Every structure is written in C-alpha cells, then in structure tokens.
Peer 1: 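Sending over a structure as structure tokens; questions will come in a sec.
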Amino acid sequence: MRKNLKKTRRGRTAREGMRKNLKKTRREMARSLLKTSSLSVRTKLLHQTGLSLYNTSHGFHEEEVKKKLEQFPGGSIDLQKEDSGIGILTLNNPSKMNAFSGVMILQLLEKVIELENWTEGKGLIVRGAKNTFSSGSDLNAVKALGTPEDGMTLCMFMQNTLTRFMRLPLISVALVQGRALGGGAEFTTACDFRLMTPESEIRFVHKEMGIIPSWGGATRLVEIIGSRQALKVLSGALKLDSKKALNIGMVDEVLQSSDETECLEEAQEWLKQFIKGPPEVIRALKKSVSSGKELCFEDALQNERDLLGTVWGGPANKEAIARRRKFDT
C-alpha cells in the first residue's frame with residue numbers, strides 16, 4: 001500500500017512538473033511571438049508608405065477627427081517643389097504667427113502624403129510665412145477641443161502625421177525665422193536638421209500652458225540634445241536664441257541673414273551639399289539612417305541590405321564605376 005502511495009505521489013509530482021514546463025514553454029512562445037510581431041509591425045510602420053502609429057485599435061478614428069478639425073478654418077500649408085529636388089513647405093497663417101488651425105493640420109497630412117509619393121524629391125525645407133516660423137496651435141481650436149479625450153485624439157493625429165513626416169525619404173531642414181513656439185518648436189524636431197536666423201528663437205512653452213508636448217516633441221528632443229538638456233529646456237520653458245540653441249546642439253548652423261528671401265536662399269545652398277546625386281541614392285541613404293535610428297540592430301542591418309539591393313548595379317552605381325575606371329587609367 002505504501003508502494004502504491006509513493007507511486008501515486010511520484011506520478012502527481014511528474015504531472016505537476018509537466019504542467020509547469022508546459023506553462024513555461026507557452027510563456028516563452030508568447031514572448032517570442034510578441035517580440036517577432038512587434039518588430040514586424042515596427043518595420044512595416046517605418047518602411048511602408050501610408051501606415052501610421054495609431055488606428056482604431058487604439059481608439060483613434062481618423063475620419064471623426066477630421067470632421068472636428070474642419071470646423072476651424074484659417075491659413076494654409078503650401079508646398080512648392082523645385083526642379084533641384086528640394087521641396088519648400090510653408091506654414092502660412094501670418095495673422096496668427098503661423099499658428100496651426102484645424103484646416104492647416106489636415107492640410108499638413110495631405111502634403112506629407114504628397115511628399116511620400118514625390119519620387120524625384122531629395123530634400124525639404126520647412127519655414128513659416130512673413131519671417132516667423134510658427135506659434136503652435138491656434139487657440140480657438142484649443143479652446144473648443146478642451147476635453148482630455150479631444151486632447152488625446154489630437155495628440156494621436158499629430159503624432160501620426162509628424163512621424164510620417166520624419167520618416168519621409170527626404171533630407172529635411174527646419175528654417176527657423178522669428179519664433180518657433182509650442183507646437184512650432186515641436187515641428188522643428190521632426191526635421192533632420194535645424195537652421196536659425198540670428199534673431200530667431202525656439203521655445204517649448206507647454207509648461208506655461210499647463211500641458212506637456214504632445215506632437216512627439218519631447219521624445220524627439222531627447223534624441224537631439226539628450227535627456228538632461230531636454231529636461232532643462234522643457235521644465236524651464238527656456239528661450240533658446242540662436243547662440244544658445246547652437247551651443248546645446250539644437251540647431252546645426254546660424255545663418256547670416258534674417259531677410260526672408262535671403263535666408264531661404266542660404267538654407268537651400270546649405271541643403272544642397274547633402275543632396276548631391278541621384279534621388280534613388282539620397283532617398284535610400286535617408287531610409288537607412290531612419291532604420292538605424294528606429295529599428296533594433298539586426299532589423300536595421302537587414303533593411304540596409306534590402307536598400308542596397310535597390311541601388312547596387314543601378315544606373316548611378318554603374319556610372320560611378322565607369323568614371324572611376326577613367327580616373328585609374
């Protein structure tokens with residue numbers, strides 16, 4: 001009888017061990033699946049045109065947001081595409097220091113979609129009309145969209161748009177003339193580079209409005225100047241003049257002129273040094289850098305490999321090899 005009891009206990013212990021092992025295996029499989037799924041989605045978000053961070057699974061309904069934003073007209077987002085492959089995106093609402101109205105927010109998404117499909121494009125300059133950049137959101141829209149739910153919805157809409165903007169296969173530059181405040185300051189962080197005119201300023205005034213950045217500005221600012229400097233800039237609502245912004249690495253260069261026409265010409269000349277060459281090569285370079293910034297190491301390497309396949313043996317590559325042969329002979 002004792003033997004049978006021991007055998008029963010051993011059997012029960014073995015079954016419990018099997019159950020524990022099975023649970024452990026399932027947990028490991030779930031983690032692996034979650035990791036693979038997450039990386040797959042992240043890679044798709046980064047490299048497929050038209051995909052956004054938020055959708056209905058996050059409680060985000062884009063068409064409903066658009067209907068709300070349409071109620072707040074004023075200003076425009078203008079896009080000019082040059083033969084040089086440089087686009088000029090102008091925030092145009094000068095009577096309100098180029099603040100974003102609801103309609104302008106919608107137009108910004110439209111222009112981003114247009115730029116996603118501009119295969120000849122290599123570079124982009126973002127500027128404000130009438131020698132100032134942008135004062136952020138139009139307060140009329142902010143007051144009307146006053147609930148936490150409205151704030152979250154607008155946050156998701158603008159994070160979607162500016163993340164797609166940031167991932168454009170174009171080398172982008174924010175040309176800061178006058179003041180870039182609040183959401184305007186956040187927009188500058190979505191560009192690859194920032195240039196300032198001598199008398200201009202960048203200021204994240206969110207704390208003084210009782211909020212925090214919500215267009216992705218805080219996250220991108222940490223990447224640009226580091227967490228300690230970002231905390232100082234945000235918590236102090238610091239006024240970054242051109243000298244201070246240059247010193248902390250917020251901007252890449254201070255231009256010589258403050259004149260609206262002349263500083264645009266300077267910005268174009270500055271950008272041209274980075275976009276020499278065929279569009280397919282410049283665009284592949286931008287995509288590879290975006291991969292290195294956003295994907296895990298292995299995925300970024302694989303994406304670099306895939307991008308190489310789009311240019312290796314292509315016209316620009318063959319032409320460069322032919323030129324080099326001439327130099328060697």
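Remember, it's a predicted structure, so these values are computed and weren't measured experimentally.
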Peer 1: Are any non-hydrogen side-chain atoms of Met250 and Ile202 less than 4.5 angstrom apart?
Peer 2: yes
Peer 1: Thinking salt bridges, do Glu223 and Arg220 make one under a 4.0 Å N-O criterion?
Peer 2: no
Peer 1: Check residues 304-320 and write down every donor-acceptor pair under 3.5 Å in which the side-chain atom is one partner and the other belongs to a residue at least two apart or another chain.
Peer 2:
from, atom 1, to, atom 2, distance (Å)
Thr310, OG1, Leu307, O, 2.5
Asn317, OD1, Gly313, N, 2.9
Glu319, OE2, Arg323, NH1, 3.2

Peer 1: Using distance alone, with no hydrogens and no angle criterion, decide if Ser291 and Asn303 have a side-chain donor and acceptor under 3.5 Å apart.
Peer 2: yes
Peer 1: Taking atom CD1 of Ile77 and atom OG1 of Thr90, what is their separation to the nearest 0.5 Å?
Peer 2: 9.0 Å
Peer 1: Is a salt bridge present between Arg164 and Glu116, judged by a nitrogen-to-oxygen distance below 4.0 Å?
Peer 2: yes
Peer 1: For the atom pair NZ (Lys286) and CD1 (Ile275), what is the distance rounded to the nearest 0.5 Å?
Peer 2: 12.5 Å
Peer 1: Same hydrophobic cluster for Leu264 and Val176, using side-chain heavy-atom links shorter than 4.5 Å among ILVMFWY?
Peer 2: no
Peer 1: I'd like to know if the side chain of Glu266 reaches the main chain of Ser257, judged simply by a donor and an acceptor atom lying under 3.5 Å from each other, with no hydrogens or angles considered.
Peer 2: yes
Peer 1: Output yes when a side-chain donor or acceptor of Lys287 lies under 3.5 Å from a complementary backbone atom of Pro169, and no otherwise.
Peer 2: no
Peer 1: Mind running side-chain contact (heavy atoms from CB on, under 4.5 Å) on Lys122 and Glu280 for me, showing each step along the way?
Peer 2: CA-CA 8 Å; Lys122 298 187 286 183; Glu280 64 271 18; over 6 Å; no
Peer 1: Could you tell me the separation between the CD1 atom of Ile171 and the CZ atom of Arg283, rounded to the nearest 0.5 Å?
Peer 2: 11.0 Å
Peer 1: Would you mind telling me which of Glu70, Glu62, Glu64 makes a salt bridge (Lys or Arg N to Asp or Glu O under 4.0 Å) with Lys66?
Peer 2: Glu62
Peer 1: Counting only heavy atoms from other residues, nucleotides and ligands, does the tally under 6.0 Å from CE of Met152 exceed 12?
Peer 2: no
Peer 1: Counting neighbours of NZ on Lys111 that are heavy atoms of other residues, nucleotides or ligands and sit closer than 6.0 Å, is the number greater than 12?
Peer 2: yes
Peer 1: Check whether any side-chain heavy atom of Phe274 lies under 4.5 Å from a side-chain heavy atom of Val173, and answer yes or no.
Peer 2: no
Peer 1: Determine the sole option in Lys243, Lys244, Arg179 for which the salt bridge (Lys or Arg N to Asp or Glu O under 4.0 Å) test with Glu201 is passed.
Peer 2: Arg179
Peer 1: On the 0 to 90° scale, with breaks at 30° and 60°, tag the Phe100-Phe187 ring pair as parallel, tilted or perpendicular.
Peer 2: tilted
Peer 1: Is it possible for you to say whether Met97 and Met209 belong to one hydrophobic cluster, with membership spreading through side-chain heavy-atom contacts below 4.5 Å?
Peer 2: no
Peer 1: Taking atom types as modelled and ignoring hydrogens, do the side chains of Arg194 and Thr188 form a donor-acceptor contact shorter than 3.5 angstrom?
Peer 2: no
Peer 1: Ala99 and Ser134: which non-hydrogen atoms are nearest, and at how many Å?
Peer 2: CA-OG, 4.3 Å
Peer 1: Could you verify whether a donor N or O on one side chain and an acceptor N or O on the other, from Asn92 and Asp78, lie under 3.5 Å apart?
Peer 2: yes
Peer 1: Rounded to the nearest 0.5 Å, what separates atom CE in Met158 from atom CG in Leu69?
Peer 2: 9.5 Å
Peer 1: Could you walk me through whether Leu255 and Leu175 pass the side-chain contact (heavy atoms from CB on, under 4.5 Å) test, one step at a time?
Peer 2: CA-CA 9 Å; Leu255 302 177; Leu175 170 56; 3.5 Å; yes
Peer 1: Leu295 vs Phe297, test: side-chain contact (heavy atoms from CB on, under 4.5 Å). Steps then yes/no.
Peer 2: CA-CA 6 Å; Leu295 298 179; Phe297 187 73; over 6 Å; no
Peer 1: Using every non-hydrogen atom in the two residues, find where Met104 and Asn98 come nearest and quote the distance to one decimal.
Peer 2: CE-O, 4.3 Å
Peer 1: Can a side-chain donor-acceptor contact be found between Glu82 and Gln80 if the only test is distance below 3.5 angstrom?
Peer 2: yes
Peer 1: What I want to check is whether the side chains of Glu199 and Ser258 have a donor and an acceptor closer together than 3.5 Å.
Peer 2: yes
Peer 1: Looking at Lys68, I'd like to know if its NZ atom is crowded, meaning that more than 12 non-hydrogen atoms belonging to other residues, nucleotides or ligands lie closer than 6.0 Å.
Peer 2: no
Peer 1: Would you find more than 12 non-hydrogen atoms of other residues, nucleotides or ligands less than 6.0 Å from Lys67 atom NZ?
Peer 2: no
Peer 1: Would you say Phe60 and Val112 are hydrophobically clustered, going by side-chain heavy atoms of ILVMFWY under 4.5 Å?
Peer 2: yes
Peer 1: Could you work out, with side chain to side chain donor-acceptor pair (under 3.5 Å) as the rule, every residue matching Thr153, not counting sequence neighbours?
Peer 2: none
Peer 1: Restricting to non-hydrogen atoms, name the atom on Ala245 and the atom on Leu240 that form the minimum distance, rounded to 0.1 Å.
Peer 2: CB-CB, 4.2 Å
Peer 1: For residues Trp270 and Glu253, is any side-chain donor paired with an opposing acceptor at under 3.5 Å?
Peer 2: yes
Peer 1: Under 3.5 Å, is there a donor-acceptor pair linking the side chains of Asp192 and Ser172?
Peer 2: yes
Peer 1: Would you check if the side chain of Asn160 reaches a backbone N or O of Tyr54 as a donor-acceptor pair within less than 3.5 Å?
Peer 2: yes
Peer 1: How about Ile212: does its CD1 atom have over 12 heavy atoms from other parts shown lying under 6.0 Å from it?
Peer 2: no
Peer 1: Salt bridge or not between Glu208 and Arg203? Use side-chain N to carboxylate O under 4.0 Å.
Peer 2: yes
Peer 1: Does the side chain of Ser242 come within less than 4.5 Å of Thr197's, by heavy atoms?
Peer 2: no
Peer 1: How many angstroms lie between atom CE of Met196 and atom CZ of Phe133, to the nearest 0.5 angstrom?
Peer 2: 10.5 Å
Peer 1: With a 4.5 Å cut-off on side-chain heavy-atom distances among I, L, V, M, F, W and Y, is there a chain of contacts connecting Val126 to Ile105?
Peer 2: yes
Peer 1: To the nearest 0.5 Å, what is the distance between CD (Glu120) and CG (Asn117)?
Peer 2: 10.5 Å
Peer 1: Are Phe157 and Leu106 close enough that some pair of their side-chain heavy atoms sits under 4.5 Å apart?
Peer 2: yes
Peer 1: Just wondering, do Glu262 and Gln256 contact through their side chains at under 4.5 Å, heavy atoms?
Peer 2: no
Peer 1: I'd like to check Ser137 versus Trp215 (side-chain heavy atoms, cut-off strictly below 4.5 Å). Are they in contact?
Peer 2: yes
Peer 1: Identify whether the distance between the nearest side-chain nitrogen and carboxylate oxygen of Lys81 and Glu114 falls below 4.0 Å.
Peer 2: yes
Peer 1: Starting from the C-alpha separation in whole Å, work towards a yes-or-no answer on side-chain contact (heavy atoms from CB on, under 4.5 Å) for Leu170 and Ile86.
Peer 2: CA-CA 9 Å; Leu170 306 167; Ile86 294 177; over 6 Å; no
Peer 1: I need the minimum non-hydrogen distance between Phe72 and Ala144, along with the two atoms involved.
Peer 2: CZ-CB, 3.3 Å
Peer 1: Would you call Phe204 and Thr189 a side-chain contact if the rule is heavy atoms closer than 4.5 Å?
Peer 2: yes
Peer 1: How far apart are the closest heavy atoms of Ala185 and Ala180, and which atoms are they?
Peer 2: CB-O, 3.6 Å
Peer 1: Give a yes or no on whether the backbone of Gly59 and the side-chain of Thr56 come within a donor-acceptor separation of less than 3.5 Å.
Peer 2: no
Peer 1: Identify the heavy atoms of Ser214 and Cys155 that sit nearest to each other, and give their distance.
Peer 2: O-SG, 3.1 Å
Peer 1: Find out whether Leu79 and Ile88 are in side-chain contact, i.e. whether some heavy atom of one side chain is under 4.5 Å from a heavy atom of the other.
Peer 2: no
Peer 1: Is it the case that one hydrophobic cluster holds both Val254 and Leu271, taking links as side-chain heavy atoms less than 4.5 Å apart, direct or via other members?
Peer 2: no
